[in-house]
Amino acid sequence: MVHLSHKFSTIPINFIPKQFSKHLPQQIPSQTTPPFIPFSQRQNQRSLLESQLISALNCCTSLPQIQQIHARILRKGFEQCCYVLTKLIRILTKMEIPMDSYAKLVFNQVENRNPFLCTALIRGYCLQGLVKESVLVYSEMRKKSVLPISFTFSALFKACGVVNDVDLGRQIHGQTILIGGFGFDLFVKNSLIEMYVKLGFLGCGRKVFDELPGRDLISWTELIVGYVKAGDMESAGELFSELPKKDMVAWTAMVTGYAQNAKPREALEFFQRMLNEGVETDEVTLVGVISACAQLGAAKYANWIRDIVENLGFSPTRCVVVGSALIDMYSKCGSVEDAYKAFKVMEEKNVFSYSSMIAGFAMHGYAYAALELFHEMVKIGIKPNKVTFIGVLTACSHSRMVEQGRQIFESMEEKFGISPGVDHYSCMVDLLGRAGCLEEALNLAETMPLEPNGGVWGALLGACRTYSNPDIAQIAANHLFELEPNAIGNYILLSNIYASAGRWNDVLMVRKMMREKGLRKNPGCSWLETKKGVIQEFFAGDMSHPRYGEMKQVLEDLLNRLKAIGYQPNMNSIAYDVSDEEKRRILITHSEKLALAFGLLDINADFPIRIMKNIRMCEDCHSFLCGVSQITRRVIIVRDNLRFHHFHDGKCSCGNFW
DNA sequence: TTAGGGTTAG
């Protein structure tokens, strides 16, 4: 003990770099000589102390607590004990305390490091994204002939995944084969598959899976997720069906996979199968299903999953991830009120919950609510991320709040240290464009520090349509035709802009381009959720519906009543050079009008009529629906390809600005 | 100690 005390005095606190020394215990161990105790008794005492220190470390929840126990470790003479110090480093890792500021100092004080201690530091560095440092520790341990353990490789592979370094991963993969037997370790094998999958080298992952002996449920699931992430649901499905014994995680990987790959119906089918087979579900499964329901956008599915979530006891109150998913779902299913209710009851809120709610408000045209929430989150110390700003800027954009938008855009870098990405520039071009500042929007697109993408030029083209500016439209469209040669919407927009300016020759030129490329117009389509919860589909100009006669009657009746209060069909919404009579006929059979007519016939007056639409609503339909909400006193909610419109009492929540 | 999770613009 005297010796140990002596050693303490040779590692004075002031040897530690100043900025880190605050982390280490300030208490210098006592130098008094303890009474003599026989050796065997000392050993027993030591192992008792050891387990006491370990349990004390396990109970730590804050840095000061750790420092207190660390002081005890030093006082009791355990500053060279790998077992105890490994635990200390693991706790520091768990609490996300920078490795360089504390764990490394602890590590450096140990002379004979065992594999566990080295691995704890490697893992700590790797989880903090400091791969170079973790590799250095690994080389050091190899130099000193400390044999790695499976966990060492697992940590290193994870690190390679974090920093996207497949070459390093391959090198370490080679080492697992060279250093006796690790190539056959299932734990190492699984980490290896995980790394290759994460880095997008699915083939290598598959090779490891096929060639190395032994595989377990985790190996299978890892590979399934690899296919899911690559968007190959077919291969994922094949592998899943070959999987001899499937557990909740494997099932969930499939459900979530379908949801993530824009196949919401398949996701729900899979979930139903999972329930039928009696597989347990947890909050992760539910999040996948909720996300699928959000994509379907129908209140029917929202209510269905709400009941399931409640019955399983996963309310938004207690589970922040389920809560955030629900906020998104309710917003996308047309009920921003339900979204806000879920948001309100959440006990824990994070950047996801706030961002989802902000995006929800923005989507429904509640710009002030979105901004208020943004300021609230900043005030209570939740740091916004890139996605948050997309929501906030969209809210400003859809409500013509140019100055606020500008200020927030500027604050991104200055105040929050987030450099704006292409998408944020795209929001700004949209903001300026929608407000009618087309020149400024064009200027921003042309001078922005990043390469503008389709989003940027598309926003500008959309604004040119609103403000009928064929000249700037042409510039934006030329960029778009290069970036997205097959996106039909751009050609249609440009042709509409030319049509409303009466430039019929240019319209023909755009039509010719479309013909040459073999592009065909995506027909306008609307969906309506009927009284019975069935989703009905309506195509523009389609007169084959069994109740078309009644629907036509409803529409004509509405048209006459609307004309009496000053409505006139907006012929500019038709980009064909045809007679006014023909234009009127085309207008009255736009898909949302057909859906509306059916909704008025089918849905009780107390309920809103909810319509979904695949493309942007035309000006005529928009003013028609405003008028209908006034004369019928009905609430009509339309979700177009971008956002929601709530028509009520002759007004729309978008303020005629969409 | 290893597998499945929520928010994104025209």
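Lettering of chains follows the sequences in order, A, B, ..., and the numbering in each one begins at 1.
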Legend entry - Among B:dT8, B:dG4, B:dG10, the one nearest A:Asp423 by side-chain distance: B:dT8

Legend entry - Spacing of A:Leu223 atom CG relative to B:dA3 atom P, expressed in whole Å: 14 Å

Legend entry - Between B:dT2 (C1') and A:Phe153 (CZ): distance, integer Å: 15 Å

Inset, instruction - Report which part of the nucleic acid A:Asp282 touches: base, sugar-phosphate, or nothing (heavy-atom distance under 4.0 Å, all strands). - result: base

Legend entry - Pair of N/O donor and acceptor under 3.5 Å linking B:dA3 base with A:Thr221 side chain: yes

Legend entry - Phosphate contact (B:dG10 OP1 or OP2) by A:Arg465 side-chain N/O below 4.0 Å: no

Inset, instruction - Scan A:Lys246 against the nucleic acid and name what it touches under 4.0 Å (heavy atoms): base, sugar-phosphate only, or nothing. - result: nothing

Inset, instruction - Identify which nucleotide among B:dA9, B:dT2, B:dG6 has an atom closest to any side-chain atom of A:Cys427, counting heavy atoms from C-beta outward. - result: B:dA9

Inset, instruction - Give the nucleotide from the list B:dT8, B:dT2, B:dT7 with an atom nearest to the side chain of A:Asn385. - result: B:dT7

Inset, instruction - Return yes when atom OH of A:Tyr83 has more than 12 non-hydrogen atoms of other residues, nucleotides or ligands closer than 6.0 Å, and no otherwise. - result: no

Inset, instruction - To the nearest Å, give me how far apart CD1 (A:Ile492) and C1' (B:dG10) are. - result: 14 Å

Inset, instruction - Would you indicate what A:Val320 reaches in the nucleic acid, counting non-hydrogen atoms under 4.0 angstrom: base, sugar-phosphate, or nothing? - result: base

Inset, instruction - Taking only the side-chain nitrogens and oxygens of A:His424, find out if one of them lies under 4.0 Å from OP1 or OP2 of B:dG10. - result: no

Inset, instruction - Measure from OH on A:Tyr330 to P on B:dT7 and round the result to the nearest Å. - result: 16 Å

Inset, instruction - Remember a base hit wins even if backbone is also touched, and classify A:Val387 as base, sugar-phosphate or nothing at under 4.0 Å, heavy atoms. - result: base

Legend entry - Separation of atom CZ in A:Phe361 from atom P in B:dT7, rounded to whole Å: 18 Å

Inset, instruction - Describe the nucleic acid contact of A:Gly454 in one word from base, sugar-phosphate, nothing, applying a heavy-atom distance below 4.0 Å. - result: base

Inset, instruction - Going by the side chain to side chain donor-acceptor pair (under 3.5 Å) test, name the single residue among A:His173, A:Glu222, A:Arg206 that passes it with A:Tyr196. - result: A:His173

Inset, instruction - Would you classify A:Ser154 as touching base, sugar-phosphate or nothing, given that sugar-phosphate means primed atoms plus P, OP1 and OP2, and contacts are heavy atoms under 4.0 Å? - result: nothing

Inset, instruction - Classify the side chain of A:Ser356 and the base of B:dT7 as holding, or not holding, a donor-acceptor pair under 3.5 Å. - result: no

Inset, instruction - With heavy atoms under 4.0 Å as the rule, sort A:Arg90 into base, sugar-phosphate or nothing. - result: sugar-phosphate

Inset, instruction - Respond yes when some side-chain nitrogen or oxygen of A:Lys229 is under 4.0 Å from OP1 or OP2 of B:dA3, and no when none is. - result: no

Inset, instruction - Give the nucleotide from the list B:dG10, B:dA3, B:dG4 with an atom nearest to the side chain of A:Thr285. - result: B:dG4

Legend entry - Residues A:Lys263, A:Glu269: salt bridge by 4.0 Å N-O rule: no

Inset, instruction - Answer yes or no: does atom CZ of A:Phe116 have more than 12 heavy-atom neighbours from other residues, nucleotides or ligands under 6.0 Å? - result: no

Inset, instruction - Would you tell me if any nitrogen or oxygen in the side chain of A:Gln260 comes within less than 4.0 Å of OP1 or OP2 on B:dG6? - result: yes

Inset, instruction - When you get a sec, tell me which of B:dG5, B:dA9, B:dG6 is the closest nucleotide to the side chain of A:Ser426? - result: B:dA9

Inset, instruction - Quickly work out the A:Gln295 CD to B:dG6 C1' distance and round it to whole Å. - result: 12 Å

Inset, instruction - Evaluate the ring planes of A:Tyr366 and A:Phe361, with Trp represented by its six-membered ring, and classify them as parallel (under 30°), tilted (30 to 60°) or perpendicular (over 60°). - result: perpendicular

Legend entry - Atom pair distance, as rounded to whole Å: CG in A:Leu286 and C1' in B:dG4: 13 Å

Inset, instruction - For A:His479, answer base if it contacts any base atom (sugar-phosphate contacts may also be present), sugar-phosphate if it contacts only those atoms, and nothing otherwise; contact means non-hydrogen atoms under 4.0 Å. - result: nothing

Legend entry - Interatomic distance where CG belongs to A:Leu127 and P belongs to B:dT2 [whole Å]: 10 Å

Legend entry - Nucleotide nearest A:Met248 when distance is taken to its side chain, options B:dT8, B:dG4, B:dT2: B:dG4

Legend entry - N or O in side chain of A:Lys198 less than 4.0 angstrom from B:dG4 OP1/OP2: no

Legend entry - Under-4.0 Å salt bridge between A:Arg465 and A:Glu619: yes

Inset, instruction - Looking only at side-chain atoms of A:Thr252, point me to the closest of B:dG4, B:dG5, B:dT8. - result: B:dG4

Inset, instruction - Could you check whether A:Ser397 gets within reach of a base, just the sugar-phosphate, or nothing at all, counting any heavy atom under 4.0 Å? - result: nothing

Inset, instruction - Just call it for A:Leu480: base, sugar-phosphate, or nothing, with non-hydrogen atoms closer than 4.0 Å on any strand. - result: base

Inset, instruction - Choose from B:dT7, B:dG10, B:dG5 the nucleotide whose nearest atom is closest to any side-chain atom of A:Arg434. - result: B:dG10

Inset, instruction - Scan A:Lys158 against the nucleic acid and name what it touches under 4.0 Å (heavy atoms): base, sugar-phosphate only, or nothing. - result: sugar-phosphate

Inset, instruction - Give a yes or no on this: more than 12 heavy atoms of other residues, nucleotides or ligands lie within 6.0 Å of atom CD of A:Glu280. - result: no

Inset, instruction - Mind running salt bridge (Lys or Arg N to Asp or Glu O under 4.0 Å) on A:Lys341 and A:Asp338 for me, showing each step along the way? - result: CA-CA 5 Å; A:Lys341 265 187 221 158; A:Asp338 284 330; 3.5 Å; yes

Legend entry - A:Asn641 (side chain) and B:dG10 (base): donor-acceptor pair under 3.5 Å: no

Inset, instruction - Can you check whether any acceptor in the base of B:dG10 is under 3.5 Å from a donor in the side chain of A:Glu484, or vice versa? - result: yes

Inset, instruction - Look at the side chain of A:Glu194 and decide which nucleotide, out of B:dA3, B:dG5, B:dA9, has an atom nearest to it. - result: B:dA3

